[in-house]
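In what follows, a single structure is set out as structure tokens and then discussed.
Sequence lines set the chain letters: A, B, ... in the order given, protein chains first and strands last, and positions in each chain run from 1.
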Amino acid sequence: MEYQFRAIEQKWQAIWKERKSYKVSNESTKPKYYVLDMFPYPSGTGLHVGHPLGYIASDIYSRYKRLKGFNVLHPMGYDAFGLPAEQFAIEHGVHPAKCTNDNIQNFRNQLDNIGFCYDWDREVRTCDASYYKWTQWIFLQLFNSYFDRTSKKAVDIKHLVTVFEKEGNIQHACPGDNKLQFTAADWMGYSEKDQQAILMHYRLAFCGFGEVNWCEALGTVLANDEVINGFSERGGHPVEKKKLRQWYLRITEYADRLLSGLETIEFSDAMKEMQSNWIGKSYGAEIDFEVSDYPASLRVYTTRPDTVFGVDFMVVAPEHALIEQITPDTHKEAVAQYITYVKSRSERERIAEKKITGCFTGAYVINPFNKKLVPIWISEYVLAGYGTGAIMAVPCGDDRDFKFAQHFNIPITNIIGEAFNGVDANPTKEAKLTNSDFLNGIVQKDAIGIVNDKLVAMGIGQAKVNYRMRDAAFSRQRYWGEPFPIKWINEIAYPLKESELPLLLPTVENYGPGPDGEGPLANIASWKLENYETNTMPGFAGSSWYFIRYMDPQNEVEFCSKKASDYWGQVDLYIGGTEHAVGHLLYSRMWTKVLYDLGHISFDEPFKKLLNQGMIQGSSRFVYRKRGTQTFISAGLVGEQEVDQLHVDVNMVDGVELDTAAFKKWKPDYANANFELEDGKYICGVEVEKMSKSKFNTVNPDDLVNKYGADTFRMYEMFLGPVEQSKPWDTKGIEGVHRFLKKCWRLCFDELKGKVWVDEAPTNEELKVLHKAIKKIEEDTERHSFNTAVSAFMICVNELYDLGCHKKSVLSQVLVLLAPYAPHFAEELWQVLENEGLIVDAAYPVFEAKYVLETAKEYPVSINGKVRTNISIALDASEDAVKAIVLGNALVQKWIEDKPIKKLIFVKGKMINIVI
RNA sequence: GCCCUGGUGGUGGAACUGGUAGACACGCAGGACUUAAAAUCCUGUGGGCCGCAACGCCCGUGCGGGUUCGAUUCCCGCCUGGGGCACCA
């Protein structure tokens, strides 16, 4: 009986489906475990071999946990709203729902092929009304709450209204407008419109008028993390700053909790680093400098208050409000010219050419510490949106300030003596201060606190924390997304009632943009008539909470029952790529914290542990066409000839050897190709690149599953290397894994003799092999070292093979170990060996140390650190006995000659080293 | 520029807390079975040296130092691949 993987896999997939083997209940006496994959965006191109890597890892871990006696939640769904489906709709006139559905069907078929243990009854699709109803509901939670800075949590906005009625906003500084101050009497006197405008400045989801990343080609706004170097992440179109009315999430209020929360979760250092960089917390001080000859002061933000005696000039952002007031007539024209110039420059130009530009305003401030007059400059290198939009420049301690001073010939004050060489700024905090009055002789980092205290005493400033992170743009001028549950009446945003949800996405005639930068929904008369918001939510809305919906996916009265979310709690293991480091992972952490603050769930971090799978790169193959001919030259013969390097489909290449017949058939152009061969073969060029259709280096998992079976495919993906590491795909080694499974099969069946397995008692040697494998594979699986676990299986099977072990009791245990990795294979042999029930419900073997105990050890004996021989010594031998045996050994004596022994190191169970 | 990662045979990788570097697999070479092929099995396989062979010796984890009886592992300095951030004061 042969290993017929195709029949076996189909058979068991049908049985598992029929018996609902992967159905998970929220009621269980077993401990819970939640394993989550980042759900995919169902793109039109389907899966390539890189996508399932993480899914296979999570599937193995889920199955492993299940065998270990856990109630495992392992769901899957689709992040189905988004731009590509809509672009496709614009180009082909197909409704996004239709092509999304088709793509999902295709994904599902591909996923099913690989034999995952998802509970499909819990599938979610973010574009289903039954799902986005609750996305809208959570939006209303955000809209109806504000961040209370005292308790540092989200609170119902109604509470804020009662506070305003009693005391105004005296104790609740306005996050959206820090100058806003009003009393209770003021509040009571405001119109509804004014009151609502003020509340909007507090809401966690708010509508504002601000500079956004506008992408003309996509006709929409993008979030900061969707823009890369001035171009859109999707499509690579130019992005400009534009002032528009937009919805935002006030994520900045959560900056500190998002940062400190990182300490409570297991993310890789790289991932935590990326998030904390994005949040960008910096400690510094705000200092007020009085403007000379004008009744105002300029507030700056600096991280280096210790350098305040080294201030040679001030720089304000071109947008700074004070400029107009303080610029004397003599300088008005120059300033106006400079500001016009800055406005003419696009974001991309600024990033591309980092020129030093600036303009003196003609105004001065007075340094409060030494009463010196300090000139105020304007320059685009100071950003309006960060800190106070103004800085104090200290050229001897800051690189940009130094270059600016040099460029404009501003004299430089040295406050750090020899630590400043006059050629480069010295930004360290280690130098002793000079020229600094009461700070002289103090090391800079120690002076920071002293100055901060002084600022407070003088009433001109204080220590201040700043964040680089901005509020997240939360609206898109697109069709294929969640409608906002908001009506605009008289410029006031009214939320829909919960009972009015979901606000269904209407059908439109065309997907083109609406008037005045509005989305396609603005083209619908009935929609406008109802005064509904015409923007839709961005892609990250639905993905910010899907992991909660899986816990209670069919609930029609709540987004998730408290009982269900209390039972499942945090995601124990989340597996996905690093590309979501600052987008999805940050937003979903924020939403979780809000839902926690409002009492809807009982955990405030969604993901306990994150495992990042590496990216599988493509290994591209090239042919070399002699320029202007149909002659293709083998890689080794190209030399100096003029050739065009062309991608060729990797699936037509065996290693590096091109299948020339297949190549000729590939494209009509190549039908008449000639080849210049080396050793009778056409050898292709090789390069590692991103896997993509356009590079013809994608490999479809379906093809491999058809050729080798899902179990081989699963194990090979794991065998490739550590999951977290990026590596190029190479199909070559898959044979080795396939051979392993066939060899394992032959422990039960022989091609000629048929059944060879027997129901006999195992020997000690066989039990030793088994228990070594249990220990190794359990430990490796536990620490997600799936590649070494696969090799442990190979070692185990090789050893059983050498021992001629065909015993049911041993093999059955091995099959349970193997079940997470090769589920169909294990299930089939489990049945063949006449075991009870399904292997998916079996119990994981328990390691027993007594089977692997050794009595002796082959000790490596080194002399001066170099291994010279091995001596077998009983493990329970005393150190003296070991010494005697070792020194009595002829080879050891030969090496020692007659030199005295300085030291003998004996590490029990490890090694022996003699120092002479 | 700053931060995070990695660098080990022809290839993918192993060595988990400092203790026999190269597990396991691919590839390659040789052999067995076969009319042949596929499949399967066996042997060898880091580089070099002495030698008929055996025993054996030297070198070797990006480079250069250091700590240690002992370093792929720890420390310092550099080279280099990948990723992130980038006028953030």
Legend entry - Nearest-Å distance once atom C1' is located in both U61(B) and C55(B): 28 Å
Legend entry - Listed nucleotide nearest any side-chain atom of D780(A), set A39(B), C24(B), C16(B): C16(B)
Legend entry - OP1 or OP2 of A89(B) under 4.0 Å from side-chain N/O of Y386(A): yes
Legend entry - Check: C85(B) base within 3.5 Å donor-acceptor of N277(A) side chain: no
Inset, instruction - Please work out whether the ring planes of Y708(A) and H738(A) are parallel, tilted or perpendicular, with thresholds of 30° and 60°. - result: perpendicular
Inset, instruction - Please state how far atom OH in Y467(A) lies from atom P in A89(B), giving the value in whole angstrom units. - result: 13 Å
Legend entry - Spacing of H738(A) atom NE2 relative to A25(B) atom P, expressed in whole Å: 16 Å
Inset, instruction - Kindly compute the distance separating SG (C396(A)) from CG (D401(A)), expressed to the nearest 0.5 Å. - result: 9.5 Å
Legend entry - Selected nucleotide, minimal atom distance to D269(A) side chain, candidates A39(B), C16(B), U5(B): U5(B)
Legend entry - Candidate nucleotides C69(B), A14(B), A39(B), ranked by approach to the side chain of T788(A) - the nearest: A14(B)
Inset, instruction - For K902(A), answer base if it contacts any base atom (sugar-phosphate contacts may also be present), sugar-phosphate if it contacts only those atoms, and nothing otherwise; contact means non-hydrogen atoms under 4.0 Å. - result: nothing
Legend entry - Syn/anti state of G51(B) by chi, 90° boundary around 0: anti
Inset, instruction - Taking atom P in both G60(B) and C24(B), compute the distance separating them and give it to the nearest angstrom. - result: 25 Å
Inset, instruction - For I777(A) and A14(B), give me the distance from atom CD1 to atom P, rounded to whole Å. - result: 16 Å
Inset, instruction - Would you indicate, yes or no, if A89(B) has its OP1 or OP2 atom less than 4.0 angstrom from a side-chain nitrogen or oxygen of S282(A)? - result: yes
Legend entry - Main-chain N/O of N913(A) paired to K903(A) side chain as donor or acceptor, under 3.5 Å: no
Legend entry - Rounded distance in Å between the C1' positions of C57(B) and G64(B): 27 Å
Inset, instruction - Please tell me which of the listed nucleotides, C69(B), G84(B), U40(B), lies nearest to the side chain of R746(A)? - result: U40(B)
Inset, instruction - Using a cut-off of strictly less than 4.0 Å, decide whether N798(A) has a side-chain nitrogen or oxygen near OP1 or OP2 of A25(B). - result: yes
Legend entry - Inter-residue atom distance K464(A).NZ - T388(A).OG1, 0.5 Å rounding: 9.5 Å
Inset, instruction - Please tell me which of the listed nucleotides, G19(B), A21(B), A89(B), lies nearest to the side chain of R468(A)? - result: A89(B)
Legend entry - Donor-acceptor pair, side chain of R783(A) and main chain of T781(A), under 3.5 angstrom: no
Legend entry - Distance between P atoms of G56(B) and A21(B) (Å, rounded): 16 Å
Legend entry - Whole-Å gap separating P (G13(B)) and CZ (F740(A)): 20 Å
Inset, instruction - Provide the distance between the two P atoms, one in C87(B) and one in A15(B), to the nearest whole Å. - result: 41 Å
Inset, instruction - Would you mind classifying the nucleic acid contact of K776(A) as base, sugar-phosphate or nothing, using non-hydrogen atoms under 4.0 angstrom? - result: base
Legend entry - Consecutive-pair stems (3 or more, Watson-Crick or G-U, under 3.5 Å) for RNA chain B: B:1-7 with B:79-85, B:10-12 with B:24-26, B:27-32 with B:40-45, B:46-49 with B:56-59, B:62-66 with B:74-78
Legend entry - Phosphate-side-chain proximity, Q725(A) and G13(B), N/O vs OP1/OP2 below 4.0 Å: yes
Inset, instruction - Please state whether the phosphate of G12(B), meaning OP1 or OP2, lies under 4.0 angstrom from any side-chain nitrogen or oxygen of K732(A). - result: no
Inset, instruction - Mind calculating the distance between CZ (F719(A)) and P (U11(B)) to the nearest angstrom? - result: 16 Å
Inset, instruction - Would you mind telling me which residue lines up with the more 5' stretch of RNA chain B, D401(A) or W278(A), judged by nearest nucleotide? - result: W278(A)
Inset, instruction - Take atom CZ of R783(A) and atom C1' of A15(B), then tell me their distance rounded to the nearest Å. - result: 10 Å
Inset, instruction - Starting from P on G6(B), measure out to CD on Q617(A) and report it in whole angstrom. - result: 16 Å
Legend entry - Spacing of the P atoms in C50(B) and A37(B) (rounded, Å): 39 Å
Inset, instruction - Check the angle between the aromatic planes of W377(A) and F408(A) and answer parallel, tilted or perpendicular using the 30° and 60° thresholds. - result: tilted
Legend entry - Lys NZ or Arg CZ of K883(A) over F906(A) ring: under 6.0 Å, within 45°: no
Inset, instruction - Pick base, sugar-phosphate or nothing for D730(A), based on heavy-atom distances below 4.0 Å to the nucleic acid. - result: nothing
Legend entry - Upstream residue (5' side of RNA chain B) when R868(A) and G280(A) are each assigned their closest nucleotide: R868(A)
Legend entry - Nearest-nucleotide pick for N787(A), side chain only, options being A89(B), G13(B), U40(B): G13(B)
Legend entry - Minimum-distance nucleotide to R739(A) side chain [options: A25(B), C26(B), G19(B)]: C26(B)
Inset, instruction - If the plane angle is over 60° it's perpendicular, under 30° parallel, otherwise tilted; pick one for Y821(A) and F793(A). - result: perpendicular
Inset, instruction - Could you work out which one of A89(B), C69(B), G13(B) sits closest to the side chain of V382(A)? - result: A89(B)
Legend entry - Parallel, tilted or perpendicular, as decided by the 30° and 60° cut-offs, for the rings of F786(A) and H784(A): tilted
Legend entry - Selected nucleotide, minimal atom distance to E273(A) side chain, candidates C4(B), G19(B), C87(B): C4(B)
Inset, instruction - Name all residues meeting the side chain to side chain contact (heavy atoms under 4.5 Å, CB included) criterion together with A822(A); count only those two or more places apart in sequence or in a different chain, and write none if there are none. - result: D711(A), M715(A), L741(A), L818(A), F825(A)
Inset, instruction - Assign P722(A) to base, sugar-phosphate, or nothing according to its heavy-atom contacts below 4.0 angstrom with the strands shown. - result: sugar-phosphate
Inset, instruction - Grab the CD1-P distance between I795(A) and A25(B) for me, whole Å please. - result: 7 Å
Legend entry - With sequence neighbours excluded, residues passing side chain to side chain contact (heavy atoms under 4.5 Å, CB included) with E858(A): N870(A), S872(A)
Inset, instruction - Can you figure out which of C87(B), U20(B), C26(B) approaches the side chain of Y381(A) most closely? - result: C87(B)
Inset, instruction - For K272(A), report the nucleic acid contact type (base, sugar-phosphate, nothing); a contact means any heavy atom under 4.0 Å. - result: nothing
